[in-house]
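Per chain, numbering begins at 1; letters A, B, ... match sequence-line order.
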Protein chains: 4
Amino acid sequence: MSPRADALRNRAKVLTAADEVFLEQGTTASTEEVARRAGVGVGTVFRHFPTKEALLEAVYLERLRQVGADAAELATRDDAGSAFHEFFERLVGQSGPKQALTEALAAEGVDVADTDSPVRQEVRESLATLLERAQQAGRVREDVGVDEVIALLIGASQATRWTTDVSMRGRTLNVILDGLRPH
Amino acid sequence: MSPRADALRNRAKVLTAADEVFLEQGTTASTEEVARRAGVGVGTVFRHFPTKEALLEAVYLERLRQVGADAAELATRDDAGSAFHEFFERLVGQSGPKQALTEALAAEGVDVADTDSPVRQEVRESLATLLERAQQAGRVREDVGVDEVIALLIGASQATRWTTDVSMRGRTLNVILDGLRPH
Amino acid sequence: MSPRADALRNRAKVLTAADEVFLEQGTTASTEEVARRAGVGVGTVFRHFPTKEALLEAVYLERLRQVGADAAELATRDDAGSAFHEFFERLVGQSGPKQALTEALAAEGVDVADTDSPVRQEVRESLATLLERAQQAGRVREDVGVDEVIALLIGASQATRWTTDVSMRGRTLNVILDGLRPH
Amino acid sequence: MSPRADALRNRAKVLTAADEVFLEQGTTASTEEVARRAGVGVGTVFRHFPTKEALLEAVYLERLRQVGADAAELATRDDAGSAFHEFFERLVGQSGPKQALTEALAAEGVDVADTDSPVRQEVRESLATLLERAQQAGRVREDVGVDEVIALLIGASQATRWTTDVSMRGRTLNVILDGLRPH
DNA sequence: AATGAATGAGACTTCATTCAT
DNA sequence: CATGAATGAAGTCTCATTCAT
């Protein structure tokens with residue numbers, strides 16, 4: 001009801017639209033297209049995100065947030081080993097949309113330095129918990145840390161991007177998961 | 001005899017320049033920039049590659065050719081197991097330039113169907129030989145085929161892209177290579 | 001209420017500029033030139049007319065509109081015969097600018113099928129009235145219809161385009177007008 | 001056998017090809033396309049016609065030559081009246097190719113001043129003979145001269161360009177021919 | 001705050017013309 | 001003389017960003 005509420009709602013609409021558009025058409029999609037999808041004028045997009053790059057960062061951050069939420073949730077599971085595996089499987093996902101999460105992770109990777117957002121810290125922490133519990137349960141080798149896991153997460157999801165059917169994806173992902181086992 | 005020679009040399013210059021430019025600035029780099037780097041006019045670039053897309057394809061194909069050459073060479077090694085491992089290590093590479101090979105592989109993956117170039121067939125064949133010999137030597141699990149290996153190659157090199165130092169890269173790549181071992 | 005007004009004014013400015021430029025330099029004149037003449041940026045031209053072809057069509061349509069207005073006005077005259085003659089004389093015009101109307105008619109002719117704009121229908125109807133009244137008054141032969149008149153209109157104005165002085169134009173146009181008389 | 005002979009043959013090949021290409025694709029067709037059609041290199045086209053405009057002029061002149069030949073031939077006919085009519089009918093033609101002659105005439109008209117080629121003089125003279133004989137035979141009104149006839153020739157062929165069938169073309173051309181009769 | 005028209009740099013591509021072979 | 005590769009100006013169109021309403 002307050003003008004602030006409308007503004008926030010618009011910000012959210014833009015972010016959602018941007019996520020969808022960049023997912024479907026790649027990051028070269030035009031800002032105009034994002035605005036159209038969000039049902040607002042271009043000016044509104046630029047009011048909330050002063051630059052296309054800023055918009056992209058926000059989208060990635062939002063995706064990261066979801067990865068973090070997944071990790072945090074799974075970190076509370078009893079069976080630490082299966083939780084770790086399921087995290088990989090969720091991220092690698094069945095189809096397109098989920099792929100995006102990795103893109104976000106990857107993008108984060110690109111400019112590790114300047115994007116030191118709190119979100120990133122949270123994701124790392126949830127991931128660390130998930131990993132350590134799996135290692136303590138003897139289900140993941142000890143010589144990998146959070147950074148290696150992130151890299152492998154990205155690798156796994158890029159790898160499965162070129163798989164043509166479910167069984168091929170399974171075989172491919174298994175290689176990586178097997179490689180993560182002790183020994 | 002000679003006019004042809006000059007033209008071919010220019011084609012090569014353009015291709016090399018394009019490879020460099022796209023590597024450094026991404027595929028959105030302008031054709032003018034490629035021309036500048038090659039030391040020719042834009043018209044020359046378009047004479048040899050009628051479209052920017054055609055230029056990109058040519059760059060990718062050239063990179064693929066190098067992957068194929070590596071695979072073919074290693075396929076003749078006595079120690080099939082170490083040859084297979086070295087192939088991964090070479091592709092994953094030390095740094096930027098080599099990374100590009102994977103990008104090319106990935107790009108190939110995108111349109112598996114329509115890009116049925118002979119180059120692609122040759123790469124697959126060399127890879128198949130390399131893989132089969134490693135499997136016969138009992139160094140690689142039997143449930144993966146050429147397609148899975150290609151996917152993992154892409155995954156491995158994307159994964160190692162986010163590694164910050166040699167030892168981290170080593171640990172990350174080892175996970176995948178270990179995962180490829182029997183059992 | 002006002003932002004729309006400005007946009008419409010700009011659209012009109014562009015259309016007018018385009019009409020002038022295409023008249024002076026032919027239809028191969030550049031869009032930049034049109035923008036310059038209109039005192040706007042190129043982007044504005046393309047916002048209103050997404051394609052150069054669309055701009056050309058709009059220019060022709062506007063010219064057609066004027067032909068239609070002339071025909072409609074003359075169709076209300078008492079002396080149907082002189083009205084018909086005057087219509088020819090107006091179209092054939094004194095000099096350059098008016099000539100353009102025929103160019104528009106001609107362009108319409110090219111794609112009779114796909115350019116089924118209401119404007120075209122209106123012009124045909126006004127012309128039909130003008131013609132029928134002249135025929136009923138016994139001033140125009142009965143074996144010609146609207147289509148023949150349009151063709152002759154185009155012919156007359158192309159013919160007079162190569163006339164060097166007023167009297168030559170008169171003699172040339174008279175041939176056609178005489179030819180249109182009964183018998 | 002002499003090098004001159006080959007050169008002349010090439011000039012002719014280029015001219016023929018240019019005539020065809022410009023007819024089919026309009027005068028914006030590329031010089032490269034003309035060369036291709038002629039089976040020669042672009043360089044050869046430019047050796048014979050130093051400019052695209054020069055090539056166009058040559059094409060138009062060649063077309064004019066044919067108009068002149070037609071006029072000259074018909075000027076020898078016994079029946080001066082029917083000869084004059086047939087000249088119009090030939091020029092207006094049944095279909096595309098012949099149309100080109102008018103284009104050439106029109107182009108000539110454009111720069112009456114600077115293109116004072118002998119060809120143009122010859123055409124005028126043949127036409128003058130044809131016209132005068134028809135007038136002497138009482139078949140063409142006396143108040144038109146060669147210039148008016150040329151203008152009407154152009155007008156007639158532009159007019160019939162928009163006719164959709166033979167009968168419509170007939171009616172349209174008849175209006176002009178009737179207008180040319182005495183009285 | 002929101003809107004969307006305006007802007008203009010810059011991208012891709014074409015083509016007349018030149019020139020080394 | 002012929003060839004066709006090279007050149008680069010110029011054209012069409014897109015899009016991030018600004019700003020008047």
Could you measure the distance from the OG1 atom of Thr16(A) to the CD atom of Glu62(A)? Nearest 0.5 Å is fine. 7.5 Å
Please round to the nearest 0.5 Å and tell me the distance separating atom OG1 of Thr31(C) and atom CZ of Arg36(C). 11.0 Å
Of Pro50(A) and Phe46(C), whose closest DNA chain F nucleotide lies nearer the 5' terminus? Phe46(C)
Are Tyr60(A) and Thr27(A) close enough that some pair of their side-chain heavy atoms sits under 4.5 Å apart? yes
Counting the atoms with a prime plus P, OP1 and OP2 as sugar-phosphate, which does Thr51(B) contact under 4.0 Å by heavy atoms, base, sugar-phosphate, or nothing? sugar-phosphate
Closest non-hydrogen atom pair, Ala17(C) against Val34(C): CB-O, 3.7 Å
In whole angstroms, the gap separating P of dA16(E) from CD of Glu57(D) amounts to 16 Å
Arg37(B) and Glu24(B): CA distance, side-chain angles, deciding distance, salt bridge (Lys or Arg N to Asp or Glu O under 4.0 Å) verdict: CA-CA 12 Å; Arg37(B) 184 81 63 107; Glu24(B) 292 169 18; 2.9 Å; yes
Fill in the dot-bracket string of DNA chain E, one character per base: . for unpaired, | for a pair to another strand, ( ) or [ ] for pairs within the strand, taking Watson-Crick or G-U pairs under 3.5 Å. .||||||||||||||||||||
Checking contacts here: which listed nucleotide (dA16(E), dA11(E), dT12(F)) is nearest the side-chain heavy atoms of Lys52(D)? dA16(E)
So, is Asn10(C) near the phosphate of dA5(E), with a side-chain N or O under 4.0 Å from OP1 or OP2? no
Want to settle it: does Glu53(B) or Glu32(C) sit nearer the 5' end of DNA chain E, counting the closest nucleotide to each? Glu32(C)
Does dC15(E) have OP1 or OP2 under 4.0 Å away from a side-chain N or O of Thr31(D)? no
Here the gap from Leu56(A) atom CG to Leu61(A) atom CG, rounded to the nearest 0.5 Å, amounts to 12.0 Å
Near DNA chain E, counting only heavy atoms under 4.0 Å, which residues of residues 37-45 of chain B show up? Val42(B)
Does a side-chain heavy-atom distance below 4.5 Å link Asn10(A) with Lys13(A)? yes
Kindly compute the distance separating CG (Asp19(C)) from CG (Leu55(C)), expressed to the nearest 0.5 Å. 10.0 Å
Using OP1 and OP2 only, check whether a side-chain N or O of His48(A) sits under 4.0 Å from dA2(E). yes
Measuring to OP1 and OP2 of dA1(E), would you say a side-chain N or O of Arg47(A) lies under 4.0 angstrom away? no
Do the side chains of Glu57(C) and Lys52(C) get close enough for a salt bridge, i.e. N-O under 4.0 angstrom? no
